[in-house]
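In what follows, a structure is listed as C-alpha cells, so that the remarks can point back to it.
Because only heavy atoms are used, hydrogens play no part in the values below, and waters and symmetry mates are left out as well, while side chains stay in. Note that ligands are numbered from 1 as they come in the structure, with each ligand's atoms numbered from 1 the same way.
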Amino acid sequence: MAIEIKNNRFHIYNNEMSYVIEISEQDDLLNLYYGARIDAEDIRLPSRGHNIVCNAGDSNVLYSLSVLPQEYPSAGASDFRSPAYEIETDKGLHTPELKYKSHKIIDGKPPLEGLPAVYTENDNEAQTLIITMSDEAHGLEVRLYYTIFENLNVICRHSEVINISNPYMYLNNAQSVSIDFPAGEYEYIHLEGAWAREKHIDRNVVHKGTQGFESRRGASGHAENPFLMFFDKGSNEDYGNVYGISLVYSGNHRFIMEQEMYETVRVQAGINPFNFRFKLEKNESFVTPEAVMVYSSNGFSKMSNTFHKLYRTRLCRGKWRDKVRPILINNWEGTYFDFTKEKLLAIADEASKIGIELFVLDDGWFGRRNDDTSSLGDWFENKEKLGGTLAELANEMNKRGLKFGLWFEPEMASPDSDLYRAHPDWAISVSNVKPHLCRHQLILDYTREDVRDYIVNRITDILGSANIEYVKWDMNRNMSDVYSLNLPSDKQGEFYHKYILGLYDVLERITTAFPDVLFEGCASGGGRNDAGMLYYMPQNWTSDDTDAVERLYIQYGGSLVYPASTVGAHVSAVPNHQTGRISSLSMRGTVAMNGAFGYELDLSALGDNELNEMKKQVEFYKGIREIVMTGDYYRLLNPFTSRHSAWMYVSEDKKKAVVYYVVKEARPENEAVYLKLKGLDEKAKYTINGETKSGRTLMNYGIVIDSTEHDCDNMIFELQSM
Ligand code: DGJ
C-alpha cells in the first residue's frame with residue numbers, strides 16, 4: 001500500500017486497487033481513476049468541450065470544469081453539475097473555486113473529532129493523504145482526507161471546510177465524497193424500506209439526470225439506509241466492478257448519482273443539504289462525516305466481505321467487539337408492557353433451563369409506564385411494578401445463571417412525564433406551536449449540554465445501581481418541529497447535525513463509563529441501522545419484524561454491508577405479531593441464527609415440546625456462533641428473486657463452514673436445487689452430513705436438494721475440512 005505523488009498525480013493504491021487524482025496545470029484537482037490496480041502514469045483524460053462549454057477564460061476550450069472529473073467540485077465556477085459543497089460569505093459571495101494548495105501524507109488514520117469513524121490499531125495498516133485546497137477570494141480552505149488500507153480495498157474519505165478570513169460565512173452543503181465515474185452503463189442498489197420492512201434491495205439502472213435517495217427524518221431512517229452500491233451494469237455476486245459507499249453517520253443523509261450529457265456519472269454522498277446551514281465564524285471549521293468506499297473487482301460478495309471485516313474489526317469497538325454475543329430472551333413480544341416480577345421470573349426460569357444466557361427487560365420498567373403514552377424521561381425504576389428494585393431483579397436473574405439487561409429510550413420525553421413538566425423547553429419544538437407527537441412522544445434537545453448531562457447522569461445512576469450487563473438503546477420517532485431554543489436564529493440550520501453530535505457525545509460518555517456492558521442500538525427496529533451507531537454499539541436490533549419470511553429479505557439486504565455480528569435476530573411467537581404468519585419453530589430458529597441470536601416470546605406459556613426444541617437450538621447455535629460472528633459470508637439464493645433462500649459462513653482458515661437453506665414459498669413438483677457453495681478450499685475434503693466431498697465438488701456441482709418441498713422446510717449443513 002502506498003500513496004505516491006509523481007508528475008502532479010497522486011496514486012493511492014494497494015495490491016488490488018488504484019485511485020488516481022491529478023493536479024491540473026490550472027491547479028484544479030481532477031478525479032482521474034478509481035478501480036482495479038493500474039499504473040497511474042499510463043492514463044490520460046479524454047478531451048472534451050467546445051466553444052459553448054465554459055472554460056477558465058483562456059483560449060483552451062478543451063479545458064473546462066463543466067466536463068472535467070473533479071475531486072471536490074465547487075458551485076458556480078463553471079461546473080454545472082452537483083457541487084460537493086456550497087458556501088455564502090458575509091458579503092454574499094457564493095461561487096467559490098478551489099485550487100490545490102498543498103498536501104501531506106501520514107501513516108495511519110487520524111480520528112474525526114466528535115464523529116464516529118473507522119480506525120486503525122497500528123499505523124502500518126493504512127496511510128492517509130490530506131490535500132488542502134483554497135480559494136483566497138472567498139476566504140476559504142477545504143481539506144480532503146483519503147485513507148487507504150493495506151489489506152482491504154477500502155478508502156475512507158471526508159472533508160473539512162475552514163473559514164479562513166471572512167468575519168463569518170455559511171456552509172450550506174458539505175458532502176463527504178464526490179466521485180466522477182467515466183461514461184458507462186451503470187446500475188445501483190440501495191436498501192429501501194419502512195418500519196418493520198427495512199433494508200429491502202432495490203436495484204435500478206442509472207439513467208440520465210439526477211437520481212438517488214435521502215433521509216430528512218433527523219435519523220438515517222427505516223426508509224433509506226445510508227448505503228449505496230454503484231456498479232457496472234450486469235454485475236452480480238461474483239462478477240463486475242462494484243463500488244460500495246457507506247456513510248458513518250446516523251442523521252439526515254443524501255446519496256445522488258447525476259449522469260450528465262457526456263454520460264459520466266457524478267456520485268455524491270454526505271449530509272443532506274435539506275435545512276442544513278452551518279455558520280462558520282473566522283477560523284472555524286466543519287468536519288463532514290466519513291464515507292467508507294469499498295471497491296470490488298469481483299462482484300457484490302467481495303464488497304460485502306470487505307465491509308464486514310472492516311466494520312467488525314475497525315469500526316465496532318470495546319470488549320464485545322471480538323466476543324461472541326450471549327443468547328438472550330427479551331420480554332417485549334412476550335409481555336409488552338404487561339408484566340410483573342413473577343411473570344418475568346417465570347420466563348427467566350424457562351430461559352435458564354434451555355441454556356439462554358441473558359434476560360433483557362424491555363420497555364415499561366420505569367416511571368408510570370404501562371403503555372406508550374407516558375414516562376419517557378423519568379428514568380427511575382417502578383419498584384411497585386418490579387416488585388422491588390432493579391438490583392434485586394438483576395440478582396434474581398443472576399441466581400438463575402442469566403445476565404441481566406435493560407431497555408432505555410434516552411432521547412425522548414413523554415409530554416406526560418415529570419421530566420417534561422419540569423423542563424418543557426428541553427423538548428424539540430417551535431415556541432407557541434403545538435408540537436407534532438409521534439408515538440405520543442417528543443424528542444429531547446440533545447444540542448443542549450444540560451439535557452445531555454442530565455441524561456448521562458440518569459443512565460449512569462441506573463446502570464450503577466444494579467448488575468446490568470446489557471443495554472438496548474431505543475429511539476422511536478423521527479424529528480418534526482425542528483427548532484432549538486438553545487440556538488440563535490442564524491444557527492437553526494445547524495440543528496439536525498448538532499443533535500447527532502450531541503447523541504454521539506452522550507453515547508461516547510456512557511459507553512466509556514461502562515466498558516463491560518454490551519450495547520445494542522435500536523430505533524423501532526432498524527430505523528438507525530447505520531455504521532455511525534456501530535462505532536458505539538456493536539449490535540443493532542435489525543427490525544421489529546420478527547417474522548421468519550420477512551427476516552429473510554431484511555437480513556439478506558442488510559448483509560450487503562453490515563456483518564452478522566451486528567444483526568440482532570430473535571425467534572418470536574406464532575402467529576407472528578407483525579404478519580400473522582405461522583412458520584415452524586425450526587424455520588424461525590434457522591433464520592434467527594444469523595447474528596446475535598435470541599428469543600422474544602413468553603417462554604412460560606410454551607409446552608415441553610417447543611421448549612425442548614428451543615433447548616436444542618440454543619445448544620446448536622452455541623456450536624456455530626463463532627463462525628457466524630466472524631466467518632466470511634456468502635449469499636447463495638436470493639429470496640427477492642427466488643422462492644428459496646440460502647447463505648453460508650466460512651471460517652477464515654476455510655476449515656469450517658455453515659450453510660443455511662430455507663424454503664420461503666413451496667411449490668408442488670418443484671425442481672431439484674443444486675446449491676453451489678462458495679468460499680471453500682477447492683482442494684480440501686469436507687465432511688458434510690456424514691459424507692465426504694471435496695471443496696471443488698461442493699462449489700462447482702453443489703449440494704443437491706431434491707426432496708419435495710413444503711413451506712418452512714429448512715436445513716443447516718455443517719462442514720468441517722479433514
Ligand atoms: C421499539 C423496539 O424496536 C421494540 O423492540 C421495543 O423495544 C419497543 N420499541 C418498546 O417500546
*asked:* Going by salt bridge (charged side-chain N to carboxylate O under 4.0 Å, His left out), name the pairs with one or both residues in residues 467-481, residues two or more places apart or in two chains.
replied: Asp362-Lys472, Lys403-Glu469

_Residues in ring-ring contact (aromatic ring centres under 6.0 Å, His included) contact with Phe300, at least two apart in sequence or another chain_ =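 Counting only residues at least two positions away or on another chain, Phe300 forms a ring-ring contact (aromatic ring centres under 6.0 Å, His included) with Phe231.
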
*Is any NZ, NE, NH1 or NH2 atom of the basic residue among Glu350 and Lys353 found under 4.0 Å from an Asp or Glu carboxylate oxygen of the other?*
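Salt bridge between Glu350 and Lys353, a charged N being under 4.0 Å from a carboxylate O: yes.
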
*Between Asp602 and Lys343, is there a side-chain N and carboxylate O pair less than 4.0 Å apart?*
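Judged by the 4.0 Å cut-off on N to carboxylate O distance, Asp602 and Lys343 do form a salt bridge.
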
*Got the residues with a heavy atom under 4.0 Å of ligand 1, by chain and number?*
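Under the 4.0 Å cut-off, ligand 1 touches Trp332, Asp362, Asp363, Trp407, Arg439, Lys472, Asp474, Asn476, Cys522, Ser524, Gly525, Trp541, Asp544.
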
*Validate the cation-pi geometry between Arg325 and Phe597: distance from NZ or CZ to the six-membered ring centre under 6.0 Å, angle to the ring axis within 45°.*
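The answer is no, since Arg325 fails at least one limit relative to Phe597.
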
*asked:* With side-chain hydrogen bond (donor to acceptor under 3.5 Å, both in side chains) as the rule and sequence neighbours excluded, what pairs involving residues 245-255 come up?
replied: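 Checked against side-chain hydrogen bond (donor to acceptor under 3.5 Å, both in side chains) - neighbours excluded - the pairs reaching residues 245-255 are Ser246-Tyr311, Tyr249-His497, Ser250-Tyr504, Ser250-Asp530.
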
